[in-house]
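Naming convention: chains lettered A, B, ... in sequence-line order (proteins, then strands); numbering from 1 in each chain.
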There are 2 protein chains.
Amino acid sequence: MPRLNKAEPEKSGREMPPEELLQDLGDLFKVFGDTTRIRIMYALYEGEMSVCAISELLGMTQPAISHQLKTLKAANLVAGRRQGKTIFYYLSDEHVKSIIAAGYEHLTE
Amino acid sequence: MPRLNKAEPEKSGREMPPEELLQDLGDLFKVFGDTTRIRIMYALYEGEMSVCAISELLGMTQPAISHQLKTLKAANLVAGRRQGKTIFYYLSDEHVKSIIAAGYEHLTE
DNA sequence: TGAACATATGAATAATTGTTCATATGATAA
DNA sequence: TTATCATATGAACAATTATTCATATGTTCA
């Protein structure tokens with residue numbers, strides 16, 4: 001395992017941010033790197049939706065959506081609000097939109 | 001396969017962008033979703049570097065770096081400039097920085 | 001031309017991950 | 001409580017992917 005940011009600098013003299021941050025960044029983008037999760041986030045763009053409604057909209061099984069919502073929730077990208085039997089999920093903050101927007105701009109130049 | 005954006009709207013009445021765009025977005029973020037590629041992009045943040053220099057900086061084999069550079073190049077995130085035997089890679093545009101910055105902000109809130 | 005260096009490529013392996021199926025948990029209403 | 005609806009979870013399978021090793025391509029210099 002390479003260790004950057006160590007006492008002795010690399011030959012290039014270039015500094016790197018802490019490995020942990022780079023790892024976290026990779027993990028975060030990994031969450032965005034799946035079409036199903038992107039579609040879920042897009043679905044929640046306009047407002048909260050229940051798990052059932054999302055699975056119907058995307059034409060996928062409920063467990064598949066639940067698994068992905070769990071991943072999104074662990075990354076603090078969505079949150080859930082319980083109302084009786086159903087749970088409504090929504091984007092947890094504006095970062096989701098700005099990250100997707102940044103990617104969108106790259107694609108459309 | 002679910003088809004959104006079709007003639008008959010979903011029951012929720014919610015519209016989705018073209019599937020192809022969502023796919024492209026997922027593919028783009030997938031490229032950012034790997035620690036090695038993130039580290040390469042960070043290394044190039046300050047300026048161009050040769051393949052050899054990158055592999056030394058990251059403590060990884062040259063073929064491993066070449067494979068990842070190919071992925072980054074295919075996504076138009078880096079580009080190469082040949083000078084004699086060596087090829088210097090650099091970030092191809094500012095989008096790389098803005099995407100990483102957007103992710104960074106989410107992590108550090 | 002041939003040797004040496006830098007980078008790219010292909011095949012194989014190992015690890016990660018998304019989906020499905022079956023089932024469990026939790027909440028509501030009768 | 002029992003039945004029903006909504007969601008979560010766990011195991012298994014299939015598919016994707018990052019890395020390594022060996023080798024090929026391409027460039028420079030003698």
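A:F88 places its CZ atom 14 Å from the C1' atom of C:dA27, with the value rounded to the nearest Å. For the pair B:F32 CZ and D:dT17 P, the interatomic distance rounds to 16 Å; values are reported in whole Å. Summarising the geometry, the separation between CD1 on A:I38 and C1' on C:dG18 is reported as 15 Å, rounded to the nearest angstrom. Distance, A:Q83 CD to C:dA27 P: 14 Å, rounded to whole Å. Taking atom CZ of residue B:R37 and atom C1' of nucleotide D:dT19, one finds them 12 Å apart after rounding to whole Å. One can place CG of A:L58 at 15 Å from P of C:dG18, the figure rounded to the nearest angstrom. D:dA30 atom C1' lies 12 Å from atom NZ of B:K85, rounded to whole Å. Going from atom NZ of B:K30 over to atom C1' of C:dT16 covers 12 Å, rounded to whole Å.
In this structure the side chain of B:M60 reaches within 4.5 angstrom of the side chain of B:T36, judged on heavy atoms. The side-chain heavy atoms of A:D93 and B:H106, taken from C-beta on, include a pair separated by under 4.5 Å. At least one side-chain heavy atom of B:T71 sits less than 4.5 Å from a side-chain heavy atom of B:Q68. Between A:L21 and B:Y104, the closest side-chain pair of non-hydrogen atoms falls below 4.5 Å.
Between B:T36 and D:dT19 there is a side-chain N or O to OP1 or OP2 distance below 4.0 Å. Using a 4.0 Å cut-off, some side-chain N or O of B:Y89 falls inside it from OP1 or OP2 of C:dA8. At D:dT7, none of the side-chain N or O atoms of A:R82 fall inside 4.0 Å of OP1 or OP2 (strictly under the cut-off).
Checking A:Q62 against A:S66 by side-chain atom types alone, a donor-acceptor pair falls below 3.5 Å.
A distance of 12.0 Å separates CD in B:E48 from OH in B:Y89, rounded to the nearest 0.5 Å.
Contacts of residues 61-73 of chain B with DNA chain D (heavy atom under 4.0 Å): B:T61, B:P63, B:A64, B:H67, B:Q68.
Between A:Y42 and A:Y45, the two ring planes are parallel [angle under 30°; tilted spans 30° to 60°].
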